[in-house]
There are 2 protein chains.
Amino acid sequence: MASRTTQILEAAVRVIARHGVRGLRVEELAAEAGVSTGLIYYHFKDRAGVLRRTLQFISDRAGHYTTVRDPDAAPLTPREELEQSLLLELQDTGEVRENSSAWGELRASAVFDPLLREELASATSLWVREVTAMLTRVNPAAPASAPAAAAERLTALVEGLSMRWLSGGIPVDRARTLMLEAVEAEIAMLQRR
Amino acid sequence: MASRTTQILEAAVRVIARHGVRGLRVEELAAEAGVSTGLIYYHFKDRAGVLRRTLQFISDRAGHYTTVRDPDAAPLTPREELEQSLLLELQDTGEVRENSSAWGELRASAVFDPLLREELASATSLWVREVTAMLTRVNPAAPASAPAAAAERLTALVEGLSMRWLSGGIPVDRARTLMLEAVEAEIAMLQRR
DNA sequence: GTCTATAACGGGATAGAC
DNA sequence: GTCTATCCCGTTATAGAC
């Protein structure tokens, strides 16, 4: 059972996903969480405290980067696993959209808030390491530094495409197509070495 | 001699680069530009107008910090031209950093602000078309749709890497290296078709 | 710990003089 | 075109009851 603060933080993620960091109103957050504004201040001191804790919460939760899979399903090839993992962030479902929007806000906020950077950097580097491992499984023969660089590019591309999608620049299907082709290009490059 | 509105727009880019779109206060903008708040409203109608025009200003200007080149040097190959153009946004100089920060902020804001989307979409599509043209020059034989997709990926990657750089995730040199390798991968892919 | 009621404030926007 | 002064609203934040 979620604690009171967790309940509020989860509500905060939803509100941020809807209106952004700048659009978070304490009163709306209270309504979303089903509590009073007074309670928000009781638990978080002030609005900045809510933001700080929420953005940490987002990067800690990093639900982003883990796939829960049915253990009985047919095993994925390394390449399928990689593709699936990257496409996870490019789906037009409520939950993914929420997560991606919030993550984008976190990244954007970190540009102006040194406190968030550390948190963000470690979450990102975890993600990059995971993708690096998948790429290594796709092509174990590639020189050591190549999969790491490819992973940095592919994850950065996910973020770039995600922003374009969320800001209405491209439909989500286009983003997915572009992503898959990028995987192809990167794997081809690993092969050629 | 810069016009009054240009002077204000330049100040707006600086303020946004420092504090983000979220942190832009009309009063601070006025101070930065050395004018009164009243004048801001006279020229831009409201705060949203400032943002809209600033976005246009940034995208117009981005084309312009084009490379100071030695006139005696050999002319650039199409590929070099492409590389230069993409690397333009990944330079740790005051002006570029300012532009990139502001651009990232506007992109992030557009997720929650439909008014900015239109503007952003047309600026982006212009950029994508330019990169597409360069890619076509690199490999005129490639099928028509391939350079366009590659251009979308490369520009999205610039944005993704730029965010990582600005949020302290990677140093600018790393971003540049990753970018160049991506160009290589994309060109190789065009070749293979 | 949690709520209701309200005080205090920030900042967007306007009016009117020059 | 530009400035000063000010209004006004939405929001943050606090006080005090339960």
Side-chain angles (χ1 to χ4, degrees), chain A residues 1-58 101-102 105-106 108-109 112-113 115-116, chain B residues 1-57 101-102 105-106 108-117 119:
Chain A
M1 169 58 184
S3 73
R4 194 106 274 205
T5 61
T6 305
Q7 166 190 349
I8 295 173
L9 288 171
E10 283 167 349
V13 174
R14 290 193 296 275
V15 174
I16 288 178
R18 275 205 301 275
H19 303 300
V21 167
R22 185 177 203 271
L24 182 141
R25 305 282 168 253
V26 177
E27 195 172 357
E28 185 187 0
L29 170 56
E32 177 75 28
V35 301
S36 69
T37 67
L39 194 61
I40 307 283
Y41 288 96
Y42 176 79
H43 283 295
F44 296 93
K45 169 85 176 164
D46 58 14
R47 184 181 180 279
V50 174
L51 258 29
R52 230 190 53 250
R53 298 272 306 275
T54 303
L55 295 173
Q56 284 171 354
F57 180 74
I58 290 167
S101 302
E105 280 294 281
L106 168 60
S109 302
F112 307 102
D113 183 351
L115 280 174
L116 291 174
Chain B
M1 168 58 183
S3 74
R4 194 107 276 202
T5 61
T6 305
Q7 166 189 347
I8 295 172
L9 288 171
E10 283 167 348
V13 175
R14 290 195 297 274
V15 173
I16 290 176
R18 272 206 304 276
H19 303 299
V21 166
R22 302 158 181 76
L24 182 141
R25 305 276 168 264
V26 176
E27 196 171 357
E28 184 186 0
L29 170 56
E32 177 76 28
V35 301
S36 68
T37 68
L39 195 62
I40 307 282
Y41 288 96
Y42 175 80
H43 283 295
F44 297 92
K45 170 82 174 165
D46 58 14
R47 184 179 179 279
V50 174
L51 260 30
R52 234 190 45 249
R53 298 276 305 275
T54 304
L55 175 56
Q56 289 174 333
F57 180 76
S101 304
E105 269 299 294
L106 289 164
S109 302
V111 174
F112 308 101
D113 182 353
L115 281 174
L116 287 175
R117 290 191 184 184
E119 207 69 51

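Chain A is the first sequence line, chain B the second, and so forth, proteins listed ahead of strands; every chain is numbered from 1. None of these values were measured; they are calculated from a predicted model.
- Partners of B:His43 under the side-chain contact (heavy atoms from CB on, under 4.5 Å) rule, at least two apart in sequence or in another chain, are B:Arg4, B:Thr5, B:Ile8, B:Leu39.
- The stretch residues 18-46 of chain B touches DNA chain C through B:Leu24, B:Arg25, B:Val26, B:Tyr41, B:Asp46, each having a heavy atom under 4.0 angstrom from the strand.
- Evaluation of the side-chain contact (heavy atoms from CB on, under 4.5 Å) rule for B:Thr54 yields B:Leu9, B:Ala12, B:Val13, B:Ile16, B:Val50, B:Ile58 as partners, not counting sequence neighbours.
- Partners of A:Glu10 under the side-chain contact (heavy atoms from CB on, under 4.5 Å) rule, at least two apart in sequence or in another chain, are A:Thr6, A:Arg14, A:Phe57.
- Judged as a salt bridge (Lys or Arg N to Asp or Glu O under 4.0 Å), and not counting sequence neighbours, the contacts of B:Glu28 are B:Arg18.
- With sequence neighbours left out, the side-chain contact (heavy atoms from CB on, under 4.5 Å) criterion links A:Leu115 to A:Arg52, A:Asp113.
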